[in-house]
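Single-structure report; data block below.
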Amino acid sequence: MTIKLDKIFDSFSTNSIFNSKSVLQTNYTPETIPHRDKQIKQIAAILGPTLRLEKPSNLFIYGKTGTGKTLSMQYIQNELLKRAKEQSLPLTIEYINCKLKKIADTEYRILAELLKKMGFNVPSTGLPTDQIYQKFIDEIDKKRQLVIIVLDEVDQIVKKIDNNFLYNLTRLNAELKNAQISIVGISNDLQFLENIDPRIKSSLSEEEIVFPPYNAIQLQDILRERAEKAFKKEIIAEGVIEKCSAYAAREHGDARRALDLLRIAGEISEREGSQKVTLEFIDKAKEKIEKDKILDIISTQPKQFQLVLLSIIALTDKKRDKIYTGDIFDIYQNFCAQTTTEVLTQRRVGDIIAEFDMLGIINAKVISQGRYGRTREISLLIPPPLMDRTKEIIYNSLGLK
DNA sequence: CGAGATTCATGTGAAGTATACCTTTAGGCTTAA
DNA sequence: AAGCCTAAAGGTATACTTCACATGAATCTCGTA
């Protein structure tokens, strides 16, 4: 036992293969952004007029997750602010991530957050929305200045809040005498623009920039650069970077995914006391990521969903080759009785099954059996080694057995 | 024997309901002038 | 009178139910060869 512990502690202190693990973490901001020169130049060209105190066009940036949108934007934001400071220009750039629930899920909260970031005090609740608009306008308009508002994940706003919010924002300039506002929207939903009000579309996306996914080669460059800083010398085995990027490229060229893969591979090799990150660790990392994802999904499901899943698992265990919606519903009712839970209608259970299908936890195919009706044929997609953990999670959260 | 009707078990869609969670409003209480 | 707090009132998103109709191939029915 002592020997083992020593080994673990050793790997934590002296023998760590990491130089600085944070370089691989998602919130790390690298000094350079490879393969995004073109996009960065475009953005710079569009926002450039700010340095002459002219209002730049509204800008709309889109591209899938992990394509460097936010990173590039933040880079430009810093550069612009640096310049503005040197020349003492009245330029304000505010970045807001609309996905963060507590900060930005209503019109009011976004405005309040903006005001707070600009150093004005706003009550966190209580004021009517139009008053805070007025306050926002007043505060900005106090002096001659340019304000650029960066809205990350704008698609979330439209989903959660009124369409009009964006329209109002773009129209604010009409009410401002001294200041001017520009809006930069960032979205990873490519269809977002098509689904919004044409009026907003035309004013919000005066300029558009697309961030294409990275291809495998580009991912390799990114990974190499980060790996250099993150790991000590000679730690990464031949072909590891290539494999990592190949996996990530297959999943829409998501650089974040690639970095996660590399970091977790590093963590696993360290934990196992290996002095090198070899190819097999990449596979282990990939497996771990997938496992974690599944377990995370399962453990965060609501009670009813877990009951339905448990029914499917129970049926799979019984070695019935085909599982149908009706069978699930029968067993599900039993489980409800056991846990004194209200029984949902079969209609709803059908929808829940469809949602599990969407999540990739099960595979459900609608088939018609002629005379014997129409149903979903369902099979579980949880890998067998995970089954025990899965059951444990569900039993625990349902307080069963 | 084959075309068309029938049938089953559940898919699917629309509309309605219950609920929880917010925001907004209004009333009442406190406080400061 | 202004400020602040709280309870009630209104709004909205979510999770579900109810009702109604759609599906689609195995099976049945029945007319015809």
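Proteins get letters first, then strands, A, B, ... in listed order; numbering begins at 1 in each.
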| request: Using a 4.0 Å heavy-atom cut-off across all strands, classify A:V343 as base, sugar-phosphate, or nothing. | output: sugar-phosphate
| base_contact_polar (C:dT17 base, A:R347 side chain, donor-acceptor, <3.5 Å) | no
| task | Select one nucleotide: of C:dC16, C:dT23, B:dT10, the one nearest the side-chain heavy atoms of A:Q346. | result | B:dT10
| Contact under 4.0 Å: A:T345 side-chain N or O vs C:dT17 OP1/OP2 | yes
| said: Taking CD in A:Q87 as the centre, count heavy atoms belonging to other residues, nucleotides or ligands within less than 6.0 Å. Is the count above 12? | reply: yes
| said: In this structure, how many angstroms lie between the P atom of B:dT10 and the NZ atom of A:K322, rounded? | reply: 16 Å
| Taking C-beta and beyond as the side chain, do A:K365 and A:D357 meet within less than 4.5 Å on heavy atoms? | no
| If you pin A:R371 and A:D351 to their nearest nucleotides in DNA chain B, which one's is more 5'? | A:R371
| Counting only side-chain N and O atoms of A:R348, is one of them less than 4.0 Å from OP1 or OP2 of C:dC16? | yes
| query | So does A:S368 get a side-chain nitrogen or oxygen closer than 4.0 Å to the phosphate oxygens (OP1/OP2) of B:dT10? | reply | no
| Taking it one step at a time, do A:K284 and A:E287 satisfy salt bridge (Lys or Arg N to Asp or Glu O under 4.0 Å)? | CA-CA 5 Å; A:K284 280 189 185 166; A:E287 212 172 284; over 6 Å; no
| Between C:dT27 and A:Y372, is there an OP1 or OP2 to side-chain N/O distance shorter than 4.0 Å? | yes
| request: Answer yes or no: does atom CZ of A:R224 have more than 12 heavy-atom neighbours from other residues, nucleotides or ligands under 6.0 Å? | output: yes
| request: Considering just the side-chain nitrogens and oxygens of A:R376, establish if one lies under 4.0 Å of OP1 or OP2 belonging to B:dT10. | output: no
| request: Provide, to the nearest angstrom, the distance between the CD1 atom belonging to A:I323 and the P atom belonging to B:dT10. | output: 14 Å
